[in-house]
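Chain letters run A, B, ... following the sequence lines, proteins first and then strands; every chain starts at 1. Computation of the quantities below employed the complete heavy-atom set of this structure, encompassing side-chain atoms and omitting hydrogens, waters and symmetry-equivalent molecules.
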Amino acid sequence: MIELDKAYDHSTVEEKIYKMWETSGYFNPDKLPGDRKQPYTIIMPPPNANAPMHLGHALFVTIEDILIRYKRMQGYKTLWQPGTDHAGFETQVVFEKKLEKEGRSRFKMQREEFYKEIWEFVQSNKHITENGLRRLGASCDWDRNIFTLDPEIVRIVYATFKKMHEDGLMYRGDRIGNWCFKHQTALSDLETKYEERVEPFYYFKYGPFTIGTSRPETKFGDKYVVMHPNDKRYAQYKNGDTFEAEWINGSIKATIIKDEAVDMEFGSGVMTITPWHDPVDFDLAQKHKLDKEQIIDKFGKLLPIAGEFAGMKNAIARPLIVEKLKNKTLLVKVDENYKHNVNVCYKCGAIIEPQIIPQWFVAMAKPLPDGRPSLRDMAINAIKNKEVEIVTEKFEKIFMHWMENLRDWPVSRQIWWGIPIPVKYCVDCKEVIVDTDDSIKVCPKCQSPKLEKDQDTFDTWFSSGQWPYATLMANDVKRGTKDFENYFPTQVMETGWDILFFWVARMVMMSYYRTGKQPFEKVYLHGLVRDKDRQKMSKSKGNVIDPLGVIDTYGCDALRFALIFSTSAGNDIPLAEDKIKGMKHFANKLWNIARYILANVSVPIPPLAEGGLGGVTDADKEILTKLNQTIKNTTVHLDNFRLHEAAQEIYQFTWHELADIYVEASKKQLADETLKENTQKLLLHNLINIIKLLHPFMPFITEELWGILGQADLLGRHDLLIIEKWPIV
RNA sequence: GGGCGGCUAGCUCAGUGGUAGAGCAUUUCUUUGACGUAGAAAGGGUCGAAGGUCCGAUUCCUUCGCCGCCCACCA
């Protein structure tokens with residue numbers, strides 16, 4: 001007879017069990033036993049290779065691992081495709097901070113040198129991330145592990161770029177975009193945020209008009225004054241009229257533009273425009289075909305047009321310019337309490353300066369040359385037709401709303417850590433040459449050998465947006481598999497709602513574009529893990545829970561169960577250490593149920609599946625009914641992504657039915673010779689079933705107990721629990 | 001400005017057209033051999049407010065009140 005320790009000790013179990021799984025090969029769908037035909041695939045959202053483990057990792061691993069383990073037990077050919085992400089901008093920002101601490105800067109480095117260092121930095125952190133996933137119990141197929149900068153992936157990304165370029169969806173445009181001075185790169189709208197500021201709002205005399213602005217330092221070149229066509233005050237002026245206006249650095253010849261974009265109620269109801277540095281002004285200038293002039297350079301300094309202010313940072317120049325205008329008696333009044341939103345970089349908080357800098361864009365609303373709808377419309381249709389379903393419908397609404405207002409996507413970044421844009425420009429004839437393997441040495445149009453490489457890299461999301469098919473296609477090249485054929489489209493994409501637009505939307509669009517199919521059938525979105533007061537966890541608040549530390553203290557299973565226990569899809573998750581502790585108690589409860597059964601049951605009940613199990617006493621009948629209900633409900637909940645309800649169901653049964661009631665009843669029944677054998681069978685039957693039901697949630701303790709039951713000769717023939725059959729009622 | 005969501009026990013949250021649920025916390029009792037990381041018992045909620053539909057509403061509809069989030073953004 002095997003006697004268990006009085007308490008479950010996770011520290012002696014987890015590493016051993018994980019190794020057992022990994023060497024078994026069962027993470028790899030090709031090595032799963034039995035004749036498995038139906039695939040079930042989840043592409044793991046690749047964690048940033050450089051990011052330290054946080055609870056977000058623990059949450060996504062737990063959810064995806066539950067789904068995968070569940071389906072594996074149900075006999076599916078399960079592939080959970082892991083990978084890590086170079087995370088272009090994110091990683092470069094982290095690395096630049098590191099350089100800053102060392103008193104260095106990328107702007108004083110060679111590009112190759114910088115790239116090499118950051119590559120090594122990422123490679124060394126990558127293993128830490130991957131081992132963290134192992135400690136969380138992730139049953140993903142490490143044989144297929146892949147990195148976003150692997151050459152096979154890059155080739156697929158380039159092929160997409162080339163096709164988009166040929167199809168006229170990828171274009172290089174002189175459009176206004178967000179510019180971060182600190183990082184010296186363009187950013188998409190998603191990568192900026194608004195902050196409320198109170199700043200002075202100035203009214204200046206401009207010829208016969210009074211104009212309002214919060215940014216006098218951009219106004220040097222302003223030579224268009226815009227007013228509403230219905231503005232009765234200025235009915236005597238016509239569109240295109242000109243006049244002389246005394247301005248900051250002398251007299252300016254100004255032109256009147258009438259446009260309904262002007263709000264007569266705001267400010268003075270009249271404005272001058274700065275098309276190079278303001279999106280609204282830019283649109284107006286495009287519409288009326290007006291000149292555009294750059295006032296501020298890429299570093300936030302005023303250009304020579306600013307006269308004596310040239311070379312100054314705009315913030316320093318502003319009060320001086322106001323002072324000068326005041327001395328020229330052009331300052332009318334100042335509103336000191338003007339509250340407005342300022343666009344800032346989401347990483348560093350530096351003010352974003354709109355700039356016209358040539359960037360590559362993907363057309364979102366342009367129909368495809370092969371007759372298919374635009375990228376945007378394909379994604380909208382996918383949701384409407386339910387080819388892609390987002391779990392919890394509210395996100396479908398949010399998704400649609402965003403999609404319908406989508407603008408073209410700028411995909412070039414002026415950063416170095418990323419996939420270079422595979423384009424060369426002919427110095428002589430300006431031809432744009434797409435060269436995905438660096439093989440073109442002379443201009444195909446004018447034969448000039450003077451070619452310049454595009455210096456930019458892709459937005460990370462341009463490559464990760466292709467991740468579902470790119471990983472599978474890359475596997476096929478690297479490993480000679482038929483993964484794309486076998487596993488695409490995938491079944492579930494599980495990720496945080498915060499990257500619904502960044503990532504999920506892009507994956508849907510690009511997948512339809514490249515493969516004609518949806519990348520995944522379901523999207524399950526999880527929330528943010530917060531502390532018990534619903535505060536976001538952050539280092540500065542000191543409320544961060546380190547998942548690996550928690551695993552050391554309470555065990556991985558306890559952490560997983562706590563994360564999943566009272567959360568529904570899409571809602572943020574408050575997690576306190578108490579909760580994890582409570583779930584450790586639950587693991588211990590399960591352990592002790594097994595301990596009791598091992599001490600009291602000596603006969604195996606082969607063949608388990610072939611019945612012979614019936615209730616004799618009321619307690620017997622009751623527990624069998626409840627067990628069957630639990631199996632049924634758990635299965636239905638899992639099928640509908642209600643993981644928390646499934647967890648609660650099992651918890652309730654295990655503790656409050658099996659332990660509290662039946663185990664107690666069994667003590668008397670075991671003493672009665674006429675009931676003894678049947679009671680033993682029922683105890684074992686219940687234990688085996690809850691171990692199976694719990695396995696996706698608490699993989700370590702269940703696998704350990706399974707092994708012990710096997711050693712005690714209570715299971716008949718058995719393999720690892722990870723591939724046992726899911727109970728069926 | 002547009003959109004989405006929440007409001008249920010002290011706390012954190014599930015759930016439901018038919019007499020309200022869990023975990024934690026609180027109180028009392030119990031050291032009988034599965035487990036004191038436990039067991040037994042108890043207290044605690046007009047399910048945000050008002051109206052409507054219904055035999056019946058915490059659940060469906062409307063309005064309102066707080067709270068939160070997303071998107072857009074005014075010179």
Side-chain angles (χ1 to χ4, degrees), chain A residues 3-8 189-190 193-194 196 201-204 211-216 218-219 222 225-227 261-274 277-281 284 338-343 392-407 497-498 500-501 527-528 530-534 554-555 558 561-562 565-568 570-600 637 642 644-645 647-649 651-652 655-656 658-660 663-664 666-667 683 687:
Chain A
E3 195 181 332
L4 294 187
D5 292 339
K6 258 186 131 172
Y8 171 57
D189 290 344
L190 287 172
K193 58 180 183 185
Y194 289 96
E196 199 174 83
F201 188 81
Y202 306 95
Y203 292 86
F204 298 113
I211 59 146
T213 183
S214 60
R215 301 197 56 197
T218 64
K219 296 278 157 198
D222 287 11
V225 58
V226 190
M227 62 202 68
V262 173
D263 178 356
M264 284 187 275
E265 305 296 314
F266 185 84
S268 64
V270 179
M271 64 179 181
T272 60
I273 59 169
T274 312
H277 298 293
D278 185 285
V280 175
D281 296 359
L284 274 169
Y338 174 57
K339 206 197 282 183
H340 68 151
N341 290 327
V342 177
N343 205 197
T392 75
E393 238 173 288
K394 72 170 179 182
F395 287 113
E396 290 195 351
K397 289 181 192 167
I398 294 173
F399 184 91
M400 292 299 250
H401 185 254
W402 188 74
M403 271 291 165
E404 280 156 9
N405 298 301
L406 193 53
R407 297 199 294 175
W497 57 253
D498 52 323
L500 179 62
F501 306 140
L528 226 60
R530 295 171 180 274
D531 76 3
K532 64 178 186 346
D533 302 317
R534 316 215 101 238
Y554 302 105
F561 217 64
F565 198 69
S566 67
T567 67
S568 51
N571 290 334
D572 287 351
I573 296 158
L575 185 74
E577 210 167 310
D578 273 357
K579 195 161 168 186
I580 305 169
K581 195 172 159 192
M583 294 308 161
K584 180 183 156 72
H585 295 176
F586 177 62
N588 192 54
K589 192 76 186 175
L590 175 69
W591 182 262
N592 275 287
I593 293 169
R595 184 168 186 258
Y596 168 76
I597 290 174
L598 276 162
N600 289 288
H637 287 320
R642 295 189 295 256
H644 62 295
E645 289 194 61
Q648 288 178 22
E649 188 81 26
Y651 181 100
Q652 173 67 22
W655 204 310
H656 300 303
L658 184 58
D660 287 356
V663 164
E664 291 308 317
S666 76
K667 289 173 186 172
L683 281 170
L687 178 63

Exercise. What interatomic distance, in whole Å, is found between C1' of rC35(B) and the corresponding atom of rU30(B)?
Worked result: 15 Å
For this session: Among the candidates rA34(B), rU37(B), rC70(B), find the nucleotide nearest to the side-chain atoms of Arg595(A).
Result: rA34(B)
Exercise. If you measure from the C1' atom in rU19(B) to the same atom in rU53(B), how many Å do you get, rounded?
Worked result: 22 Å
Problem set entry | Between rC61(B) and rG68(B) - C1' atom distance, rounded Å | 24 Å
Exercise. How many Å lie between CG on Leu598(A) and C1' on rG33(B), as a whole number?
Worked result: 15 Å
Exercise. Hey, is the side chain of Asp578(A) pairing donor to acceptor with the base of rC24(B) inside 3.5 Å?
Worked result: no
Problem set entry | Closest approach of Ile597(A) to Leu683(A) (non-hydrogen atoms, all atoms of both residues) | CD1-O, 3.5 Å
Exercise. Of the non-hydrogen atoms in Tyr194(A) and Asn341(A), which two are nearest, and what is the gap between them?
Worked result: CD2-CB, 3.8 Å
Exercise. Looking only at side-chain N and O atoms, does His585(A) come under 4.0 Å of OP1 or OP2 in rA38(B)?
Worked result: yes
Problem set entry | Any-strand Watson-Crick or G-U partner of rG43(B), both distances under 3.5 Å | none
Problem set entry | Touch class at under 4.0 angstrom, heavy-atom based, for Gly555(A) against every strand present | nothing
Exercise. Are Tyr651(A) and Lys589(A) side-chain neighbours, meaning at least one heavy-atom pair lies under 4.5 Å?
Worked result: no
Exercise. Checking all strands, does Ala659(A) fall into the base, sugar-phosphate, or nothing category for heavy-atom contacts under 4.0 angstrom?
Worked result: base
Exercise. Looking across every strand, which nucleic acid part, if any, lies under 4.0 Å from Tyr194(A) by heavy atom: base, sugar-phosphate, or nothing?
Worked result: base
Exercise. Does the side chain of Lys6(A) get closer than 4.0 angstrom to OP1 or OP2 of rG33(B) through an N or O atom?
Worked result: no
Exercise. Using the C1' atom in both, what is the distance from rG6(B) to rU59(B), to the nearest Å?
Worked result: 15 Å
Problem set entry | Nearest-nucleotide 5' precedence on RNA chain B, Lys394(A) against Val262(A) | Lys394(A)
For this session: Determine the interatomic distance between P on rA22(B) and the same-named atom on rA57(B); round to the nearest Å.
Result: 25 Å
For this session: Give a yes/no answer on whether the side chain of His656(A) brings an N or O atom under 4.0 Å of OP1 or OP2 in rG23(B).
Result: yes
For this session: May I ask which nucleotide in the shown strands pairs with rG1(B), Watson-Crick or G-U wobble, both distances under 3.5 Å?
Result: rC71(B)
For this session: Both distances under 3.5 Å, Watson-Crick or G-U wobble: report the partner of rU32(B), or none.
Result: none
For this session: Can you tell me, in whole Å, how much space there is between the P of rC4(B) and that of rC74(B)?
Result: 24 Å
Exercise. Which nucleotide in the list rU37(B), rA34(B), rG5(B) gets nearest to the side chain of Glu664(A)?
Worked result: rA34(B)
Exercise. Roughly how far apart, to the nearest Å, are rA9(B) and rU62(B) at atom C1'?
Worked result: 29 Å
Exercise. Which part of the nucleic acid, if any, lies within contact of Lys219(A), taking any heavy atom under 4.0 Å across all strands shown: a base, the sugar-phosphate backbone alone, or nothing?
Worked result: sugar-phosphate
Exercise. Base, sugar-phosphate, or nothing: which does Lys667(A) touch, judged by heavy atoms less than 4.0 Å apart?
Worked result: base
For this session: Under a 3.5 Å limit for both distances, which nucleotide forms a Watson-Crick or G-U wobble pair with rU53(B), could you say?
Result: none
For this session: Would you please test Leu590(A) and Tyr8(A) for side chain to side chain contact (heavy atoms under 4.5 Å, CB included) and show each step?
Result: CA-CA 9 Å; Leu590(A) 175 69; Tyr8(A) 171 57; over 6 Å; no
Exercise. Under the 3.5 Å rule, do the base of rA14(B) and the side chain of Glu649(A) count as making a donor-acceptor pair?
Worked result: no
Problem set entry | Other residues, nucleotides, ligands: >12 heavy atoms within 6.0 Å of Glu404(A) CD | yes
Problem set entry | Asn341(A) CG to rC74(B) C1', straight-line distance once rounded to whole Å | 10 Å
For this session: Report the distance from atom CD of Glu577(A) to atom C1' of rU37(B), rounded to the nearest whole Å.
Result: 15 Å
Exercise. Does Leu4(A) offer a backbone N or O that forms a donor-acceptor pair with the side chain of Trp591(A) under 3.5 Å?
Worked result: no
For this session: Establish whether the base of rC24(B) is bridged to the side chain of Lys579(A) by a donor-acceptor pair shorter than 3.5 Å.
Result: no
Problem set entry | Rounded C1' spacing from rU16(B) to rG56(B) in Å | 14 Å
Exercise. With sugar-phosphate meaning primed atoms plus P, OP1 and OP2, does Glu265(A) contact a base, only sugar-phosphate, or nothing at under 4.0 Å between heavy atoms?
Worked result: nothing
Problem set entry | Lys397(A) side chain near rG5(B) phosphate (N/O to OP1/OP2, under 4.0 Å) | yes
Exercise. Are Phe565(A) and Phe561(A) close enough that their ring centers fall under 6.0 Å?
Worked result: yes
Exercise. Using a cut-off of 4.0 Å on non-hydrogen atoms, how would the nucleic acid contact of His637(A) be classed: base, sugar-phosphate, or nothing?
Worked result: nothing
Exercise. Which nucleotide, in any strand shown, forms a Watson-Crick or G-U wobble pair with rA20(B), with both distances under 3.5 Å?
Worked result: none
Seminar exercise, completed: To the nearest angstrom, the CG-P distance between Leu406(A) and rG2(B) comes to 22 Å
Exercise. What is the nucleic acid contact for Val280(A), judged by heavy atoms within less than 4.0 Å: base, sugar-phosphate only, or nothing?
Worked result: sugar-phosphate
Exercise. For rG65(B), what is the paired nucleotide under Watson-Crick or G-U wobble rules, both distances under 3.5 Å?
Worked result: rC7(B)
Exercise. Please walk me through it: do Leu598(A) and Glu3(A) pass side chain to side chain contact (heavy atoms under 4.5 Å, CB included)?
Worked result: CA-CA 7 Å; Leu598(A) 276 162; Glu3(A) 195 181 332; over 6 Å; no
